[in-house]
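These notes are about the structure you will find just below.
We're numbering straight along the sequence, starting at 1. This is a predicted model, so every value here is computed, not measured.
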Amino acid sequence: MKLATLSHGGRPALGVVEGDTVLDLTAGRVGAPASVQDFLALPEHDRAETLRAARKAPRLSLDAVRLHAPIPAPRLILCTGLNYAAHAREMGKAIPKAPAIFAKSPGAVAGPYDPVAHPGFSDSLDYEGELALVIGRAARAVSADEAAAVIAGYMVLNDFSLREHLRVEALVLAKSADGFAPCGPWLTLRDAAPKPDAMQLRTFVNGDLRQQACAEDMIFDPFALIEIVTRFITLQPGDILSTGSPPGSGAGFAPPRFLKPNDRVRVEIDGLGAIENVINPAQSPSRKETAHVFDEQGS
(Lines give C-alpha, C1' and ligand atoms only; values in the text may rest on other atoms or scores of the structure.)
Protein backbone atom coordinates (compact mmCIF):
# COMPACT_ATOMS: atom_id res chain seq x y z
CA MET A 1 0.00 0.00 0.00
CA LYS A 2 1.17 3.51 -0.86
CA LEU A 3 0.16 6.26 1.57
CA ALA A 4 0.26 9.89 0.44
CA THR A 5 -0.05 13.24 2.16
CA LEU A 6 -1.98 15.46 -0.20
CA SER A 7 -4.29 18.42 -0.52
CA HIS A 8 -7.50 18.58 -2.49
CA GLY A 9 -10.09 21.33 -2.63
CA GLY A 10 -8.06 23.42 -0.21
CA ARG A 11 -7.93 20.81 2.55
CA PRO A 12 -5.18 18.40 3.66
CA ALA A 13 -5.84 14.70 3.33
CA LEU A 14 -4.39 11.23 3.71
CA GLY A 15 -4.68 9.09 0.62
CA VAL A 16 -4.00 5.61 -0.69
CA VAL A 17 -2.45 5.66 -4.16
CA GLU A 18 -3.65 3.03 -6.62
CA GLY A 19 -2.32 3.43 -10.14
CA ASP A 20 -3.24 6.90 -11.38
CA THR A 21 -5.90 7.41 -8.71
CA VAL A 22 -5.91 8.12 -4.99
CA LEU A 23 -8.45 7.11 -2.35
CA ASP A 24 -9.22 10.02 -0.02
CA LEU A 25 -9.25 8.52 3.49
CA THR A 26 -10.02 11.86 5.11
CA ALA A 27 -13.19 12.80 3.24
CA GLY A 28 -16.26 12.74 5.47
CA ARG A 29 -14.42 11.34 8.50
CA VAL A 30 -14.27 13.61 11.54
CA GLY A 31 -10.90 13.36 13.27
CA ALA A 32 -9.36 11.26 10.49
CA PRO A 33 -5.58 11.61 10.03
CA ALA A 34 -4.73 14.28 7.47
CA SER A 35 -1.20 13.12 6.69
CA VAL A 36 1.00 10.04 6.75
CA GLN A 37 2.62 11.57 9.81
CA ASP A 38 -0.75 11.73 11.60
CA PHE A 39 -1.42 8.14 10.57
CA LEU A 40 1.85 6.89 12.09
CA ALA A 41 0.99 8.65 15.35
CA LEU A 42 -2.14 6.49 15.75
CA PRO A 43 -2.28 3.33 17.87
CA GLU A 44 -2.08 0.13 15.85
CA HIS A 45 -5.83 -0.53 16.10
CA ASP A 46 -6.69 2.93 14.76
CA ARG A 47 -4.17 2.54 11.92
CA ALA A 48 -5.90 -0.68 10.88
CA GLU A 49 -9.31 0.99 11.06
CA THR A 50 -8.09 3.87 8.89
CA LEU A 51 -6.81 1.47 6.25
CA ARG A 52 -10.07 -0.47 6.29
CA ALA A 53 -11.83 2.80 5.46
CA ALA A 54 -10.06 2.77 2.10
CA ARG A 55 -12.66 0.33 0.82
CA LYS A 56 -15.32 3.06 1.00
CA ALA A 57 -13.18 6.13 0.34
CA PRO A 58 -13.92 8.38 -2.65
CA ARG A 59 -11.54 7.91 -5.56
CA LEU A 60 -9.81 10.92 -7.15
CA SER A 61 -7.52 11.31 -10.12
CA LEU A 62 -3.92 11.63 -8.99
CA ASP A 63 -3.61 14.59 -11.37
CA ALA A 64 -6.37 16.40 -9.45
CA VAL A 65 -4.51 16.52 -6.12
CA ARG A 66 -1.28 18.07 -4.91
CA LEU A 67 1.17 15.66 -3.32
CA HIS A 68 3.15 16.92 -0.33
CA ALA A 69 6.06 15.36 1.52
CA PRO A 70 4.68 12.17 3.12
CA ILE A 71 6.07 13.36 6.48
CA PRO A 72 5.51 17.14 6.24
CA ALA A 73 7.07 18.07 9.58
CA PRO A 74 9.36 15.28 10.79
CA ARG A 75 10.76 15.32 14.29
CA LEU A 76 14.11 14.06 13.03
CA ILE A 77 15.93 13.56 9.74
CA LEU A 78 19.14 11.54 9.86
CA CYS A 79 21.28 11.01 6.77
CA THR A 80 24.23 8.78 5.98
CA GLY A 81 27.39 9.98 4.27
CA LEU A 82 29.65 7.89 2.02
CA ASN A 83 27.54 4.75 2.31
CA TYR A 84 28.51 3.47 -1.16
CA ALA A 85 32.14 2.49 -1.66
CA ALA A 86 32.21 3.87 -5.20
CA HIS A 87 30.93 7.23 -3.97
CA ALA A 88 33.59 7.35 -1.25
CA ARG A 89 36.25 6.65 -3.87
CA GLU A 90 35.00 9.33 -6.28
CA MET A 91 35.14 11.84 -3.42
CA GLY A 92 38.72 10.82 -2.59
CA LYS A 93 37.71 9.39 0.80
CA ALA A 94 38.59 6.15 2.56
CA ILE A 95 35.91 3.47 2.78
CA PRO A 96 34.26 4.18 6.15
CA LYS A 97 34.46 1.58 8.90
CA ALA A 98 31.43 3.08 10.62
CA PRO A 99 28.53 5.02 9.09
CA ALA A 100 28.83 8.80 8.93
CA ILE A 101 25.49 9.88 10.40
CA PHE A 102 24.47 13.53 10.33
CA ALA A 103 21.25 15.46 10.90
CA LYS A 104 19.41 17.53 8.37
CA SER A 105 17.03 20.24 9.56
CA PRO A 106 13.38 19.14 9.45
CA GLY A 107 12.67 22.51 7.85
CA ALA A 108 14.46 21.33 4.70
CA VAL A 109 11.63 18.94 3.84
CA ALA A 110 9.80 19.68 0.60
CA GLY A 111 7.22 17.97 -1.55
CA PRO A 112 8.10 15.51 -4.33
CA TYR A 113 7.51 18.05 -7.10
CA ASP A 114 8.24 21.33 -5.31
CA PRO A 115 10.81 23.71 -6.83
CA VAL A 116 14.14 24.13 -5.05
CA ALA A 117 15.64 27.63 -4.90
CA HIS A 118 19.18 27.96 -6.17
CA PRO A 119 21.20 29.92 -3.59
CA GLY A 120 22.60 33.16 -4.88
CA PHE A 121 25.80 32.90 -2.85
CA SER A 122 27.09 29.51 -4.01
CA ASP A 123 27.84 27.80 -7.30
CA SER A 124 28.12 24.33 -5.71
CA LEU A 125 24.50 23.16 -5.42
CA ASP A 126 24.62 19.37 -5.66
CA TYR A 127 22.12 16.51 -5.76
CA GLU A 128 22.23 13.07 -4.13
CA GLY A 129 19.44 10.62 -4.84
CA GLU A 130 18.76 8.35 -1.87
CA LEU A 131 16.56 5.64 -0.44
CA ALA A 132 14.92 6.85 2.76
CA LEU A 133 13.03 4.86 5.34
CA VAL A 134 10.41 6.07 7.79
CA ILE A 135 10.15 4.68 11.30
CA GLY A 136 6.82 3.15 12.26
CA ARG A 137 7.16 2.59 16.00
CA ALA A 138 9.45 3.64 18.84
CA ALA A 139 12.81 1.94 18.50
CA ARG A 140 15.64 1.77 21.03
CA ALA A 141 18.57 -0.68 20.98
CA VAL A 142 17.10 -2.58 18.05
CA SER A 143 19.26 -5.31 16.50
CA ALA A 144 19.73 -5.54 12.74
CA ASP A 145 17.73 -8.78 12.77
CA GLU A 146 14.79 -6.98 14.38
CA ALA A 147 15.11 -3.70 12.47
CA ALA A 148 12.66 -4.47 9.65
CA ALA A 149 9.81 -4.55 12.15
CA VAL A 150 10.29 -0.89 13.14
CA ILE A 151 10.23 0.40 9.55
CA ALA A 152 6.85 1.77 8.43
CA GLY A 153 7.94 2.04 4.82
CA TYR A 154 10.23 3.56 2.22
CA MET A 155 10.34 6.64 0.00
CA VAL A 156 12.63 8.56 -2.35
CA LEU A 157 14.70 11.50 -1.04
CA ASN A 158 17.09 13.96 -2.68
CA ASP A 159 19.79 15.13 -0.27
CA PHE A 160 20.67 18.52 -1.76
CA SER A 161 23.72 20.32 -0.40
CA LEU A 162 26.18 23.14 -1.02
CA ARG A 163 29.47 21.32 -1.55
CA GLU A 164 31.78 24.25 -0.83
CA HIS A 165 30.37 24.53 2.71
CA LEU A 166 30.47 20.83 3.65
CA ARG A 167 32.78 21.21 6.61
CA VAL A 168 32.15 20.94 10.32
CA GLU A 169 31.32 24.58 11.03
CA ALA A 170 28.76 24.78 8.23
CA LEU A 171 27.56 21.21 7.64
CA VAL A 172 24.02 21.66 8.98
CA LEU A 173 23.56 24.88 7.01
CA ALA A 174 24.99 23.40 3.81
CA LYS A 175 22.61 20.44 4.06
CA SER A 176 19.52 22.19 5.40
CA ALA A 177 18.58 25.15 3.24
CA ASP A 178 14.87 25.48 2.50
CA GLY A 179 13.77 22.71 0.17
CA PHE A 180 16.99 20.70 0.44
CA ALA A 181 15.15 17.47 1.33
CA PRO A 182 12.35 16.86 -1.18
CA CYS A 183 10.88 13.41 -0.66
CA GLY A 184 8.04 11.13 -1.59
CA PRO A 185 6.13 10.87 -3.76
CA TRP A 186 4.39 8.71 -1.17
CA LEU A 187 5.31 6.23 1.55
CA THR A 188 5.30 2.67 0.29
CA LEU A 189 4.51 0.54 3.32
CA ARG A 190 7.13 -2.07 4.15
CA ASP A 191 5.05 -5.10 3.24
CA ALA A 192 4.27 -3.64 -0.22
CA ALA A 193 7.82 -2.54 -1.03
CA PRO A 194 10.61 -4.52 -2.67
CA LYS A 195 13.34 -5.78 -0.38
CA PRO A 196 15.88 -2.98 0.11
CA ASP A 197 18.70 -4.92 -1.51
CA ALA A 198 16.61 -5.23 -4.68
CA MET A 199 15.79 -1.52 -5.03
CA GLN A 200 17.37 0.13 -8.09
CA LEU A 201 17.96 3.89 -7.82
CA ARG A 202 18.48 6.30 -10.72
CA THR A 203 19.07 10.07 -10.73
CA PHE A 204 18.67 12.21 -13.84
CA VAL A 205 19.57 15.85 -14.45
CA ASN A 206 17.75 17.29 -17.46
CA GLY A 207 17.19 13.74 -18.67
CA ASP A 208 20.86 12.80 -18.37
CA LEU A 209 21.42 9.70 -16.22
CA ARG A 210 23.88 10.65 -13.47
CA GLN A 211 23.41 8.01 -10.75
CA GLN A 212 22.47 4.35 -10.99
CA ALA A 213 22.94 1.76 -8.28
CA CYS A 214 21.25 -0.98 -6.32
CA ALA A 215 20.72 -0.67 -2.60
CA GLU A 216 22.63 -3.92 -2.12
CA ASP A 217 25.78 -1.89 -2.97
CA MET A 218 25.49 -0.02 0.33
CA ILE A 219 28.28 -0.48 2.86
CA PHE A 220 25.77 -0.40 5.74
CA ASP A 221 22.29 -1.62 4.82
CA PRO A 222 19.15 -0.01 6.32
CA PHE A 223 18.92 -2.61 9.07
CA ALA A 224 22.53 -2.13 10.15
CA LEU A 225 21.96 1.64 10.20
CA ILE A 226 18.95 1.24 12.48
CA GLU A 227 20.94 -0.97 14.84
CA ILE A 228 23.74 1.59 15.10
CA VAL A 229 21.51 4.66 15.40
CA THR A 230 19.26 3.13 18.06
CA ARG A 231 22.23 2.42 20.31
CA PHE A 232 22.32 6.18 20.82
CA ILE A 233 18.89 7.58 19.89
CA THR A 234 15.35 6.38 20.42
CA LEU A 235 13.69 6.67 17.04
CA GLN A 236 10.01 7.61 16.96
CA PRO A 237 7.20 7.07 14.44
CA GLY A 238 7.65 9.47 11.54
CA ASP A 239 11.42 9.87 11.95
CA ILE A 240 13.30 9.71 8.65
CA LEU A 241 16.56 7.85 8.08
CA SER A 242 18.13 8.36 4.65
CA THR A 243 20.62 5.72 3.64
CA GLY A 244 23.20 7.56 1.52
CA SER A 245 23.87 8.29 -2.12
CA PRO A 246 25.62 6.24 -4.80
CA PRO A 247 28.34 7.59 -7.12
CA GLY A 248 27.50 10.16 -9.76
CA SER A 249 26.74 13.29 -7.76
CA GLY A 250 27.87 16.54 -9.36
CA ALA A 251 31.00 16.73 -7.22
CA GLY A 252 32.16 13.37 -8.55
CA PHE A 253 32.76 14.66 -12.08
CA ALA A 254 35.90 16.39 -13.33
CA PRO A 255 35.17 19.23 -13.60
CA PRO A 256 32.21 19.16 -11.16
CA ARG A 257 28.75 19.32 -12.69
CA PHE A 258 26.81 21.35 -10.15
CA LEU A 259 23.20 22.43 -10.60
CA LYS A 260 22.12 25.67 -12.22
CA PRO A 261 18.80 27.53 -12.31
CA ASN A 262 16.15 25.79 -14.40
CA ASP A 263 17.85 22.39 -14.14
CA ARG A 264 15.42 19.53 -13.53
CA VAL A 265 16.44 16.71 -11.17
CA ARG A 266 14.57 13.41 -11.08
CA VAL A 267 15.23 10.59 -8.63
CA GLU A 268 13.45 7.28 -9.06
CA ILE A 269 13.56 3.99 -7.21
CA ASP A 270 11.95 0.85 -8.59
CA GLY A 271 8.81 0.02 -6.64
CA LEU A 272 8.72 3.36 -4.80
CA GLY A 273 8.08 5.95 -7.52
CA ALA A 274 9.91 9.13 -8.48
CA ILE A 275 10.35 12.71 -7.33
CA GLU A 276 11.25 15.55 -9.68
CA ASN A 277 12.33 19.07 -8.71
CA VAL A 278 13.15 22.12 -10.80
CA ILE A 279 15.90 24.45 -9.61
CA ASN A 280 14.45 27.95 -9.39
CA PRO A 281 16.53 31.13 -9.76
CA ALA A 282 18.02 32.41 -6.53
CA GLN A 283 15.98 34.50 -4.13
CA SER A 284 18.81 34.89 -1.60
CA PRO A 285 21.78 37.31 -1.17
CA SER A 286 24.45 37.52 -3.82
CA ARG A 287 27.61 35.44 -3.65
CA LYS A 288 29.89 38.36 -2.81
CA GLU A 289 27.89 39.17 0.32
CA THR A 290 28.05 35.73 1.94
CA ALA A 291 30.48 33.46 0.10
CA HIS A 292 33.29 33.61 2.65
CA VAL A 293 31.32 34.25 5.82
CA PHE A 294 32.87 31.27 7.62
CA ASP A 295 36.40 32.13 6.53
CA GLU A 296 35.91 35.69 7.74
CA GLN A 297 34.95 34.34 11.14
CA GLY A 298 38.24 32.48 11.33
CA SER A 299 36.76 29.00 10.92
- side chain to side chain contact (heavy atoms under 4.5 Å, CB included) between Asp159 and Lys175, worked out: CA-CA 7 Å; Asp159 176 22; Lys175 286 286 189 179; 2.8 Å; yes
- Task: Decide yes or no on side chain to side chain contact (heavy atoms under 4.5 Å, CB included) for Met218 and Glu216, but give the supporting numbers first.
- Result: CA-CA 5 Å; Met218 292 178 186; Glu216 69 176 352; over 6 Å; no
- Would you check, one step at a time, whether the test side chain to side chain contact (heavy atoms under 4.5 Å, CB included) holds for Leu3 with Val16? CA-CA 5 Å; Leu3 296 181; Val16 172; 3.7 Å; yes
- Before giving the answer on side chain to side chain contact (heavy atoms under 4.5 Å, CB included), spell out for Val205 and Arg264 the whole-Å C-alpha distance, their side-chain angles and the decisive distance to 0.1 Å. CA-CA 6 Å; Val205 178; Arg264 183 178 296 271; over 6 Å; no
Please tabulate, for the side chains in residues 149-157, all donor-acceptor contacts under 3.5 angstrom to protein atoms that are two or more places apart in sequence or on a different chain.
none

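Residues Glu164 and Ser124 share a closest heavy-atom pair of N-OG, 3.1 Å. Between Pro196 and Pro222, the closest heavy-atom pair is CB-CG, 4.0 Å. The two residues Phe160 and Leu259 have their closest heavy-atom pair at CE2-CD1, 3.4 Å. Shortest non-hydrogen contact noted between Pro237 and Arg137 is CG-CA, 3.7 Å. Residues Ile275 and Pro185 approach most closely at CG2-N, 3.7 Å, considering heavy atoms. For the residue pair Ala251 and Pro256, the shortest heavy atom distance occurs at CA-CB, 4.4 Å.
Salt bridge status for Asp24 with Arg11: present, with a side-chain N to carboxylate O gap under 4.0 Å. A salt bridge does not link Arg29 with Glu49: none of the charged nitrogens is closer than 4.0 Å to a carboxylate oxygen.
Following chains of ILVMFWY side-chain contacts shorter than 4.5 Å, one cannot reach Ile269 starting from Phe204, and the two form parts of different hydrophobic clusters. Both Val229 and Ile226 belong to a common hydrophobic cluster when Ile, Leu, Val, Met, Phe, Trp and Tyr are linked at side-chain heavy-atom distances under 4.5 angstrom. Val142 and Leu40 fall into different hydrophobic clusters, where Ile, Leu, Val, Met, Phe, Trp and Tyr residues are linked whenever their side-chain heavy atoms come under 4.5 Å apart, directly or through other members. Both Leu51 and Leu187 are assigned to one and the same hydrophobic cluster, defined by single-linkage of ILVMFWY side chains at heavy-atom distances under 4.5 Å. Val278 and Val109 fall into different hydrophobic clusters, defined by Ile, Leu, Val, Met, Phe, Trp and Tyr side-chain heavy atoms under 4.5 Å apart, directly or through other members.
Checking each of Gln212, Arg210, Met91, His87 against Pro247 for a side-chain contact (heavy atoms from CB on, under 4.5 Å) leaves exactly one that passes, namely His87. Each of Val134, Ile71, Leu76 was scored for a side-chain contact (heavy atoms from CB on, under 4.5 Å) with Asp239, with one residue passing: Leu76.
Under the 4.5 Å side-chain criterion, counting only non-hydrogen atoms from C-beta, Pro106 is not in contact with Arg75. At least one side-chain heavy atom of Asp126 sits under 4.5 Å from a side-chain heavy atom of Ser249. Two residues are said to be in side-chain contact when any heavy atoms from C-beta on lie closer than 4.5 Å; Leu162 and Pro119 meet this criterion. Put simply, the side chain of Pro246 reaches to within 4.5 Å of the side chain of Leu201, judged on heavy atoms. The side-chain heavy atoms of Phe258 and Asp263, taken from C-beta on, include no pair separated by under 4.5 Å. A 4.5 Å side-chain heavy-atom check between Gln200 and Asp270 finds at least one atom pair inside the cut-off. Side-chain contact between Val265 and Tyr127: present, with at least one pair of heavy atoms (C-beta onward) separated by less than 4.5 Å.
Ala4 is linked by a side chain to side chain contact (heavy atoms under 4.5 Å, CB included) to Leu6, Val17, Leu67, Trp186, counting only residues two or more places apart in sequence or in another chain. Scored by the salt bridge (Lys or Arg N to Asp or Glu O under 4.0 Å) test, Glu268 finds Arg202, Arg266 as partners (sequence neighbours excluded). When the salt bridge (Lys or Arg N to Asp or Glu O under 4.0 Å) test is applied to Arg140, no partner is found at least two apart in sequence or on another chain.
Summarising the hydrophobic clusters (Ile, Leu, Val, Met, Phe, Trp, Tyr; side-chain heavy atoms under 4.5 Å, direct or chained), the residues clustered with Leu166 are Phe102, Leu171.
No donor-acceptor pair closer than 3.5 Å links the side chain of Thr203 to the backbone N or O of Val267. A donor-acceptor pair is defined here as one N or O able to donate and one able to accept, closer than 3.5 Å; such a pair exists between the side chain of Asn277 and the backbone of Asp114. The backbone N or O of Leu131 sits less than 3.5 Å from a side-chain atom of Thr243, completing a donor-acceptor pair. At least one donor-acceptor pair closer than 3.5 Å links the side chain of Thr5 to the backbone N or O of Pro70. Under a 3.5 Å cut-off, the side chain of Ser176 and the backbone N or O of Lys104 do not form any donor-acceptor pair.
Taking OG1 from Thr234 and CD1 from Ile135, the interatomic distance works out to 11.5 Å, rounded to the nearest 0.5 Å. Going from atom CD of Glu146 over to atom OG1 of Thr230 covers 9.0 Å, rounded to the nearest 0.5 Å. Separating the CG atom in Asp38 from the CG atom in Leu25 is a distance of 12.0 Å, to the nearest 0.5 Å. A distance of 10.0 Å separates OH in Tyr84 from CD1 in Ile219, rounded to the nearest 0.5 Å. Atoms CD1 and CG, on Ile101 and Leu78 in that order, are 6.5 Å from each other to the nearest 0.5 Å. From Lys93, atom NZ reaches atom CG of Leu82 across 7.0 Å, with rounding to the nearest 0.5 Å.
No side-chain donor from either of Glu227 and Ser143 sits under 3.5 Å from a side-chain acceptor of the other. Between the side chains of Glu18 and Thr21, no donor-acceptor pair of N or O atoms lies under 3.5 Å. For the residue pair Ser242 / Glu130, a side-chain donor-acceptor distance below 3.5 Å is found, with atom types taken as modelled. Checked by atom type, the side-chain pair Ser161/Glu128 shows no donor-acceptor distance below 3.5 Å. For Ser122 and His165, the side-chain atoms include no donor-acceptor pair closer than 3.5 Å.
Sorted by first and then second residue, the pairs that involve residues 251-261 and meet side chain to side chain donor-acceptor pair (under 3.5 Å), not counting sequence neighbours, are Asp208-Arg257.
Heavy-atom neighbours of Asp178 CG from other residues, nucleotides or ligands within 6.0 Å: at or below the threshold of 12.
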